[in-house]
Amino acid sequence: MENSIEKNLKHIHELLAKGEFIEAMDTYFHDDVIVREANGDPKVGKKACIQFEEDWIKNELKKFIGYKSGNYAVNGNHSFYDAVFTADLNDGTTLVSEQIVATEWRDGKIYRERYYHA
């Protein structure tokens with residue numbers, strides 16, 4: 001039997017594959033979420049994280065190319081998965097970000113999330 005975290009991960013990956021980042025965040029982020037990109041400063045709170053993403057999309061993203069997630073693992077209230085995000089940016093470069101995403105879940109929502117990428 002599939003657990004709720006696995007089910008939620010599959011839905012999140014479906015949304016991200018279509019470039020529906022804001023919908024995924026709005027649906028699955030806990031109100032008190034903390035998100036950290038690599039060694040960057042954490043973003044705190046669902047509203048702040050969504051605002052940051054909206055600003056990035058508006059100011060940096062020229063064309064979404066794809067988001068492909070691969071393997072994942074779930075242990076208790078933690079999940080891990082790998083993914084590749086690809087996009088053309090407004091500055092003329094193409095971003096290819098290979099990621100490992102570590103997530104802590106609370107009440108069926110993403111409570112803590114950290115992206116490790118190259």
Side-chain angles (χ1 to χ4, degrees):
M1 183 174 148
E2 183 176 68
N3 76 34
S4 62
I5 291 176
E6 289 178 83
K7 182 179 174 185
N8 290 349
L9 273 175
K10 286 181 180 181
H11 187 231
I12 289 167
H13 294 165
E14 289 170 8
L15 293 171
L16 297 177
K18 296 186 287 187
E20 297 177 3
F21 305 108
I22 303 303
E23 181 177 340
M25 295 168 78
D26 191 47
T27 303
Y28 290 103
F29 273 9
H30 189 283
D31 287 341
D32 299 321
V33 69
I34 297 175
V35 177
R36 189 169 181 192
E37 296 273 348
N39 292 326
D41 293 332
K43 294 181 279 302
V44 179
K46 180 178 178 176
K47 288 181 183 179
C49 290
I50 289 174
Q51 185 63 56
F52 180 89
E53 192 76 6
E54 287 173 339
D55 291 346
W56 187 85
I57 289 168
K58 178 183 173 187
N59 296 316
E60 303 292 331
L61 182 66
K62 181 177 181 180
K63 178 184 175 189
F64 169 72
I65 296 172
Y67 189 93
K68 296 180 183 178
S69 55
N71 301 308
Y72 69 88
V74 176
N75 185 1
N77 66 336
H78 291 86
S79 65
F80 305 87
Y81 69 88
D82 64 337
V84 178
F85 170 70
T86 308
D88 288 336
L89 303 180
N90 286 334
D91 67 4
T93 62
T94 298
L95 171 68
V96 179
S97 179
E98 297 180 27
Q99 307 171 339
I100 298 294
V101 183
T103 305
E104 178 185 343
W105 296 78
R106 183 177 289 176
D107 304 321
K109 303 283 184 176
I110 295 169
Y111 184 63
R112 302 279 185 266
E113 190 159 69
R114 186 156 182 189
Y115 292 80
Y116 301 88
H117 43 87

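Keep in mind it's a predicted model, so treat the numbers as computed, not measured.
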With under 30° as parallel and over 60° as perpendicular, where do the rings of Tyr67 and Phe85 fit, or are they tilted in between? tilted
Report yes if the side chains of [X] and [Y] come closer than 4.5 Å at any heavy-atom pair, otherwise no.
X      : Y      : value
Leu16  : Phe21  : yes
Lys43  : Glu37  : yes
His78  : Glu104 : yes
Ile110 : Ile12  : yes
Trp105 : Val74  : no
Ile57  : Ile22  : yes
Lys18  : Phe64  : no

Aromatic centroids of His13 and Tyr81 separated by under 6.0 Å: yes
Has the side chain of [X] got a donor or acceptor atom that lies under 3.5 Å from a matching backbone atom of [Y]?
X      : Y      : answer
Lys58  : Glu53  : no
Arg114 : Val101 : no
Thr27  : Glu23  : yes

List the steps and the verdict of side-chain contact (heavy atoms from CB on, under 4.5 Å) for Val35 and Phe29. CA-CA 10 Å; Val35 177; Phe29 273 9; 3.7 Å; yes
salt_bridge(Lys46, Asp26) N-O dist < 4.0 Å: yes
Test of understanding: clusters of I, L, V, M, F, W, Y form through side-chain heavy atoms closer than 4.5 Å, transitively. Do Tyr115 and Ile50 belong to the same one? yes
Is it possible for you to say whether Tyr116 and Leu9 belong to one hydrophobic cluster, with membership spreading through side-chain heavy-atom contacts below 4.5 Å? no
Quick one: [atom1] on [X] to [atom2] on [Y], what's the gap to the nearest 0.5 Å?
X      : Y      : atom1 : atom2 : result
Lys62  : Leu95  : NZ    : CG    : 14.5 Å
Gln99  : Asp82  : CD    : CG    : 9.5 Å
Lys10  : Ser69  : NZ    : OG    : 11.0 Å
Lys109 : Thr103 : NZ    : OG1   : 14.0 Å

Non-hydrogen atoms of [X] and [Y] that approach each other most closely:
X      : Y     : result
Gly108 : Tyr28 : O-CD2, 4.3 Å
Ala24  : Leu15 : CA-CD1, 3.7 Å
Ser79  : Ile5  : CB-CG2, 4.1 Å
Leu89  : Trp56 : CD2-CZ2, 3.8 Å

Count the heavy atoms belonging to other residues, nucleotides or ligands that lie under 6.0 Å from CG of Asp55, then report whether that count exceeds 12. yes
Looking at Asp91, I'd like to know if its CG atom is crowded, meaning that more than 12 non-hydrogen atoms belonging to other residues, nucleotides or ligands lie closer than 6.0 Å. yes
Listed partners of Asn59 passing side-chain hydrogen bond (donor to acceptor under 3.5 Å, both in side chains), at least two apart: none
Test side-chain contact (heavy atoms from CB on, under 4.5 Å) on Asp107 and His30 and set out the steps. CA-CA 8 Å; Asp107 304 321; His30 189 283; 4.2 Å; yes
